[in-house]
Amino acid sequence: MSSASSTAGSRAEVVKLHEVLAREDRHFGFRVANAIARFLELAATQAAPEIETLRCALDLAILSKVLPKLHGTTHELRDVLAALFAFAVGEESPSTTGAWTVRSGVLELLGQGDAEPRLPRSARKLWRMQRRLTARGFTSFIE
């Protein structure tokens, strides 16, 4: 895959993420979008432009730039966390947190130990945030 098509794919992922958040009025601004884009560009030039490298960079960018801004009650966050979790695990995977578990620090699909989320770090954090939201009625990025 060429660097241009990998970067275009990453741009499409950031736009899709923005759309997911915008549905719940939790979208990010140009500063965050530019920071994510710059991080992905640096990953492509400094590491490799392959899709897996860029997906890992996107995962780290979401974990550091988007998720820390989320905190609130069940009413405020239930839908946005569910939508973000579905985005992080990927369209081919079940998007309910009950279908997943954490074993040895890795989020995996129950009964299918080799199935991993598309964005594993963000998915694992969102899984924990959703569990806390269900148990306590409130969650935040900081545990």
Side-chain angles (χ1 to χ4, degrees), residues 1-74 76-110 112-136 138-143:
M1 180 175 280
S2 74
S3 176
S5 64
S6 294
T7 306
S10 295
R11 182 184 187 289
E13 290 290 319
V14 173
V15 169
K16 186 176 176 181
L17 172 64
H18 187 270
E19 290 169 356
V20 167
L21 290 165
R23 284 184 225 132
E24 300 296 326
D25 201 27
R26 295 274 185 162
H27 53 284
F28 46 82
F30 290 113
R31 189 174 297 161
V32 170
N34 286 334
I36 292 171
R38 182 71 177 132
F39 186 71
L40 295 175
E41 181 181 319
L42 286 171
T45 58
Q46 298 298 315
E50 283 79 26
I51 193 68
E52 288 305 315
T53 301
L54 295 176
R55 186 171 289 141
C56 181
L58 177 62
D59 191 11
L60 291 169
I62 292 169
L63 191 63
S64 64
K65 289 292 191 182
V66 176
L67 300 186
K69 297 175 192 235
L70 299 177
H71 55 89
T73 65
T74 301
E76 296 169 315
L77 290 181
R78 179 183 51 236
D79 295 339
V80 73
L81 289 181
L84 284 171
F85 186 75
F87 177 83
V89 297
E91 295 173 1
E92 325 70 55
S93 299
S95 61
T96 59
T97 55
W100 297 84
T101 189
V102 173
R103 287 198 182 99
S104 301
V106 176
L107 185 66
E108 58 185 42
L109 196 53
L110 285 171
Q112 298 179 20
D114 59 341
E116 287 188 15
R118 190 170 67 91
L119 304 171
R121 293 170 185 91
S122 296
R124 185 177 61 234
K125 184 63 175 183
L126 286 160
W127 182 83
R128 290 195 323 255
M129 289 175 75
Q130 282 185 301
R131 288 177 53 94
R132 235 180 3 265
L133 187 68
T134 300
R136 298 183 186 144
F138 182 87
T139 195
S140 67
F141 181 81
I142 299 170
E143 294 184 50

**Asked** Is any side-chain heavy atom of Leu107 less than 4.5 Å from a side-chain heavy atom of Glu116?
**Response** no
**Item:** Side chain to side chain, Leu109 and Pro94, heavy atoms closer than 4.5 Å
**Value:** yes
**Request:** With sequence neighbours left out, write down each residue that passes ring pair (Phe, Tyr, Trp, His ring centres under 6.0 Å) with Phe28, or none if nothing qualifies.
**Result:** His18
**Prompt:** What distance separates Ile36 CD1 from Leu60 CG, expressed to the nearest 0.5 Å?
**Reply:** 11.5 Å
**Under the side chain to side chain contact (heavy atoms under 4.5 Å, CB included) test, residues paired with Lys69 that sit two or more places apart** = Val32
**Prompt:** Between Arg78 and Glu24, is there a salt bridge with N-O shorter than 4.0 Å?
**Reply:** no
**Item:** Atom pair OG1/CG of Thr45 and Leu42 - distance to nearest 0.5 Å
**Value:** 5.0 Å
**Item:** Nearest-0.5 Å distance, CG of residue Leu84 to CG of residue Asp79
**Value:** 11.0 Å
**Fill in**
CZ (Phe85) and OG1 (Thr96) are apart, to the nearest 0.5 Å, by 7.5 Å
**Message:** Would the distance check show the side chain of Glu76 and the main-chain N or O of Thr73 forming a donor-acceptor pair, the cut-off being under 3.5 Å?
**Reply:** yes
**Asked** Just how far is it from atom CG of Leu58 to atom CG of Leu40, taken to the nearest 0.5 Å?
**Response** 5.5 Å
**From CD (Gln46) to OG1 (Thr53), nearest 0.5 Å** = 12.5 Å
**Smallest separation among heavy atoms of Val89 and Ser95, with atom names** = CG2-CA, 4.2 Å
**Asked** Do Lys16 and Glu13 meet the salt-bridge criterion of a basic N to acidic O distance under 4.0 Å?
**Response** no
**Close side-chain approach of Phe138 and Leu77, heavy atoms under 4.5 Å** = no
Show the atom names and distances, to 0.1 Å, of all donor-acceptor pairs under 3.5 Å that link a side chain in residues 121-135 to residues at least two apart or in another chain.
unit_1: Ser122; atom_1: OG; unit_2: Asp59; atom_2: O; d: 3.1
unit_1: Ser122; atom_1: OG; unit_2: Asp59; atom_2: OD1; d: 2.7
unit_1: Arg124; atom_1: NH1; unit_2: Gly105; atom_2: O; d: 2.9
unit_1: Lys125; atom_1: NZ; unit_2: Phe141; atom_2: O; d: 2.6
unit_1: Lys125; atom_1: NZ; unit_2: Glu143; atom_2: OE2; d: 2.8
unit_1: Trp127; atom_1: NE1; unit_2: Thr97; atom_2: O; d: 3.1
unit_1: Trp127; atom_1: NE1; unit_2: Trp100; atom_2: O; d: 3.4
unit_1: Arg128; atom_1: NE; unit_2: Glu143; atom_2: OE2; d: 2.8
unit_1: Arg128; atom_1: NH2; unit_2: Glu143; atom_2: OE2; d: 2.6
unit_1: Arg132; atom_1: NE; unit_2: Thr139; atom_2: OG1; d: 3.4
unit_1: Arg132; atom_1: NH2; unit_2: Thr139; atom_2: OG1; d: 3.3
unit_1: Arg132; atom_1: NH2; unit_2: Ser140; atom_2: O; d: 2.6
unit_1: Thr134; atom_1: OG1; unit_2: Gln130; atom_2: O; d: 3.0

